[in-house]
Amino acid sequence: MDELQSLSANRLLFDLASRLGSLEGYLYAGDKVDKSYLPNWIDNIDREFRNLSLEVRNEIQPDYLALLKKVRDLLHKAYGDQDPNTARIAAVISKIN
């Protein structure tokens, strides 16, 4: 069994929110960002969101998308559209829209 599947809905939601908020804050650091962390960070956020119940996903989706778009904008500002992490977050957003 996947570790995420064994966690309560509240724990999954907390983990997703803390991870996404941390990523947004981390990207504000600009030149201090270690890009090697970003692919797994983005993938984990996407996986955690998909592991939430449909009811929870539907309830938080507008706010989740707003934060993902902030992250995308920060990545775009720092690295441009051709950066793999910018493309990765854009793909996550497009799966939800």
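The figures here come from the full heavy-atom set of this structure, side chains too, leaving out hydrogens, waters and symmetry mates.
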Next item on the list: Side-chain contact test, heavy atoms from C-beta onward, threshold under 4.5 Å: evaluate it for Arg88 versus Asn85 and give yes or no.
Entry: yes
Lys/Arg-Asp/Glu bridge criterion (N-O < 4.0 Å) met for Asp73, Lys69:
no
Dump the intermediate steps for salt bridge (Lys or Arg N to Asp or Glu O under 4.0 Å) on Asp46 and Arg50, then the final yes or no. CA-CA 6 Å; Asp46 181 42; Arg50 287 183 284 112; 3.3 Å; yes
Next on the checklist: Are Leu38 and Leu23 packed together at the side-chain level, in the sense that at least one heavy-atom pair is separated by less than 4.5 angstrom?
Outcome noted: yes
The reported gap from CG in Asp15 to CG in Asn51 (rounded to nearest 0.5 angstrom) is 11.0 Å
Close side-chain approach of Val33 to Leu75, heavy-atom, < 4.5 Å: no
So, do Leu20 and Leu68 sit near enough that their side-chain heavy atoms are less than 4.5 Å apart?
yes
Assigning hydrophobic clusters by single linkage (Ile, Leu, Val, Met, Phe, Trp, Tyr; side-chain heavy-atom cutoff under 4.5 Å), is Phe14 placed with Ile60? no
Nearest heavy-atom approach of Lys35 to Tyr79 is CD-CE2, 3.4 Å
d(Ser53 OG, Glu59 CD) to nearest 0.5 Å is 9.0 Å
Side chain of Arg19, backbone of Ile45: donor and acceptor closer than 3.5 Å?
no
Separation between CG (Asp81) and CZ (Arg72), nearest 0.5 Å, reads 9.0 Å
Contact between Glu48 and Leu12 at the side-chain level, heavy atoms closer than 4.5 Å - yes or no?
no
- Query: In this structure, are over 12 heavy atoms from other groups packed under 6.0 Å from Lys95 atom NZ?
  - Reply: yes
Would you call the rings of Tyr64 and Phe49 parallel, tilted or perpendicular if under 30° counts as parallel and over 60° as perpendicular? parallel
So NZ of Lys70 and CG of Leu27: to nearest 0.5 Å the spacing works out to 12.5 Å
When every non-hydrogen atom of Leu74 is compared with those of Glu24, the smallest separation belongs to CD1-O, 3.8 Å
With no hydrogens and no angle check, do the side chains of Ser36 and Asp34 hold a donor and an acceptor under 3.5 Å apart?
-> yes
